[in-house]
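Report on the structure given below.
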Amino acid sequence: MTKFRKKGLIIAVAHDINLKTNESLEELELLCKTLGIDVLEKVVQRREKPDPATYIGSGKLEKIKKFCDENQIDVVVFDDEITPVQQRNLESILKVPVLDRTQVILEIFSKHATTYEGKIQVEMAKLVYELPRLRGKGFYLSNPGAGIGTRGPGETALELDRRKLKQRITALRKELNKLKINRENTRRARLSSGYYLVSIVGYTNAGKSTLLSALSKEGDILVSDKLFSTLNPTIRKVKLPSGRCCLVGDTVGFISKLPHTLVEAFHSTLEEILYSDLLLLVVDISDPFYKDKIAASYDVLQEIGAYEKPKMLVFNKIDALPEDKVELIRYEYPEAVYISAKHRIGFDDLFLKLESYFKSFDVHLNIKMAHSDYGLVSKYFEYVRIEELSSSDGYDFVQISGPESIVLKIKNILDSRTENNCFKER
């Protein structure tokens, strides 16, 4: 334990203490670790519902206060979102800062935001969350990047502070709308390029950035075992074995109990998923709770309106699990792809599945081409597949398959050179 790390205590209330409860606590411990908090103890109180005043019962609260005093606890973290009243009462009794799961996630996002848009998104999410909790703190007004949990004088200026906070939120929303317009222009150009767009989605720390780095063969993509190391979309061009290319994008990781304020603030970023042709839902196969992670990912996709998009389930990190266990999961999920992004295992199957999906999206054009015509449309070869059907008198009868916008461009180029009998079919 170094003096630079804080000592923490995690608390939860559950009707039944089961594997799912323990999983949530372990995940919160990892979130705390990412934030620089060493968790000394995890406490679960079994009760029907949280106490409206202090979240936990008075008897348990007395024991927790004693534990905090004896172990010099720096921060107490709750595994759910607590109300402003609960937070105020708990801090008054425990005499240490009290955070909830939402605040921890917001702080992690704040530390990992590197782009201008990302910083604005995180700041707005934090302000929206803190607005009902404002008690004359004023900490955001003097330093918007200050840490959660700080306190300051000025109770008599509460309404002034609240008004300034609302004005700041309004200003941030306007700035995000401007950035959204720029993002839409970039997206429009990308969509008109003719490449299919694939988005890598999934639970945080499932290996999404590692997969994008391996697919694109680029080493400048941030790969980290820390939660939420990717906040802004990263898009790269990927060349498939057939010669066709597509765009593949990495996205912010999902998590259970993802704060609604974050979903709202990052909506323009998450919107990228909505414009994808295909979603690669990456799952850490070595995670004993992988089914819950899949369910949580589906919940987020549902919330942002992307659940109906075509999806391919990709189980990653198969090198971290015994082969017999991998085979059991293969039996349960026979349509999934099984890979190790770190060691590029299973990529042949992944590429075959990608090609299969693209074929299902393709528009087909049967056309007669002179040998000299190939040079005219060669710049489009990375977008399409060209299959020769027959050849006669110096002409090839071919089928061109690819995105509709590109196939129509090729048709127009060839029609302008010579009269061809052609037809288009899906």
Side-chain angles (χ1 to χ4, degrees), residues 10 20 22-37 39 77 79-81 99-115 118 121-122 125-126 199-214 221-234 248-267 269-273 276 279-304 306-307 311 313-317 320 339-342:
I10 288 178
K20 194 167 185 179
N22 293 331
E23 177 204 2
S24 185
L25 290 175
E26 288 175 7
E27 183 175 85
L28 181 57
E29 182 177 6
L30 189 55
L31 288 167
C32 289
K33 182 180 179 181
T34 302
L35 201 57
I37 300 172
V39 177
V77 184
D79 191 33
D80 267 309
E81 189 170 309
L99 305 179
D100 61 18
R101 187 185 183 93
T102 296
Q103 289 173 296
V104 170
I105 294 174
L106 286 171
E107 279 300 298
I108 294 173
F109 270 60
S110 181
K111 288 180 178 295
H112 289 177
T114 55
T115 65
Q121 289 169 321
V122 171
K126 291 173 73 174
S199 284
I200 302 175
V201 301
Y203 217 76
T204 184
N205 216 27
K208 299 184 298 298
S209 297
T210 303
L211 177 57
L212 179 59
S213 179
I221 298 168
L222 176 62
V223 175
S224 172
D225 61 357
K226 293 182 178 179
L227 300 181
F228 302 115
S229 57
T230 301
L231 293 189
N232 288 87
T234 304
V248 180
D250 190 9
T251 58
V252 61
F254 301 156
I255 194 168
S256 60
K257 306 177 186 177
L258 186 68
H260 182 73
T261 51
L262 271 179
V263 175
E264 180 189 1
F266 277 77
H267 194 269
T269 301
L270 293 169
E271 240 178 20
E272 293 289 335
I273 298 173
S276 303
L279 305 182
L280 297 186
L281 178 52
V282 180
V283 182
D284 179 359
I285 198 172
S286 65
D287 187 333
F289 302 104
Y290 68 87
K291 288 185 178 181
D292 292 330
K293 303 298 177 16
I294 294 174
S297 298
Y298 282 152
D299 287 343
V300 177
L301 291 175
Q302 186 79 53
E303 185 168 358
I304 65 176
Y307 184 77
K311 295 179 286 291
L313 197 59
V314 180
F315 282 99
N316 187 27
K317 306 183 185 181
I339 67 166
S340 167
K342 183 177 180 180

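Hydrogens, waters and symmetry mates play no part in the numbers below; they use all other heavy atoms, side chains included.
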- prompt: Side chains of L25 and V39: closer than 4.5 Å at any heavy-atom pair?
  reply: no
- prompt: Are any non-hydrogen side-chain atoms of I105 and R101 less than 4.5 angstrom apart?
  reply: yes
field: Closest contact, heavy atoms only, L212 versus V248
entry: CD1-O, 3.5 Å
Heavy-atom donor-acceptor pair, K208 side chain to G249 backbone, under 3.5 Å: no
Residue pair I294, F315: steps toward the side-chain contact (heavy atoms from CB on, under 4.5 Å) verdict: CA-CA 10 Å; I294 294 174; F315 282 99; 4.1 Å; yes
task: Applying side chain to side chain contact (heavy atoms under 4.5 Å, CB included), name anything that partners N316, two or more places apart in sequence or on another chain.
output: V282, I339, A341
- request: Please identify each residue that fulfils side-chain hydrogen bond (donor to acceptor under 3.5 Å, both in side chains) with D100, with sequence neighbours left out.
  value: Y129
message: What I'd like to find out is whether the side chain of N205 reaches to under 4.5 Å of the side chain of D284, using heavy atoms alone.
response: no
- request: Can you see which heavy atom on S297 is nearest to which on Y203, and at what distance?
  value: OG-N, 3.5 Å
query: Can you name the residues that form a side-chain hydrogen bond (donor to acceptor under 3.5 Å, both in side chains) with D287, not counting sequence neighbours?
result: K293
query: Is the shortest heavy-atom distance from the side chain of L301 to the side chain of K311 under 4.5 Å?
result: yes
task: Search all heavy atoms of A125 against all heavy atoms of L106 and return the closest pair with its distance.
output: CB-CD2, 3.7 Å
query: Just how far is it from atom CG of D299 to atom CD of E303, taken to the nearest 0.5 Å?
result: 8.5 Å
query: Closest heavy-atom contact between K126 and S110?
result: NZ-OG, 3.6 Å
Spacing of L211 atom CG and L280 atom CG [to the nearest 0.5 Å]: 6.5 Å
statement: Smallest heavy-atom separation, C32 atom then V104 atom, equals N-CG1, 4.4 Å
- prompt: Looking at residues at least two apart in the chain, or sitting in another chain, which of them share a side-chain hydrogen bond (donor to acceptor under 3.5 Å, both in side chains) with K291?
  reply: E332
query: Mind checking what makes side chain to side chain contact (heavy atoms under 4.5 Å, CB included) contact with S340, not counting sequence neighbours?
result: I318, D319, K342, H343, I345
field: side-chain hydrogen bond (donor to acceptor under 3.5 Å, both in side chains) against S199, all qualifying residues, sequence neighbours excluded
entry: S276
From OG (S24) to CG (D292), nearest 0.5 Å: 10.0 Å
statement: Value for CD (E107) from CG (L31), rounded to nearest 0.5 Å, stands at 12.5 Å
task: Can you measure from CD (E29) to OG1 (T34) and round to the nearest 0.5 angstrom?
output: 10.5 Å
field: Worked check of side-chain contact (heavy atoms from CB on, under 4.5 Å) between E26 and F289
entry: CA-CA 11 Å; E26 288 175 7; F289 302 104; 4.3 Å; yes
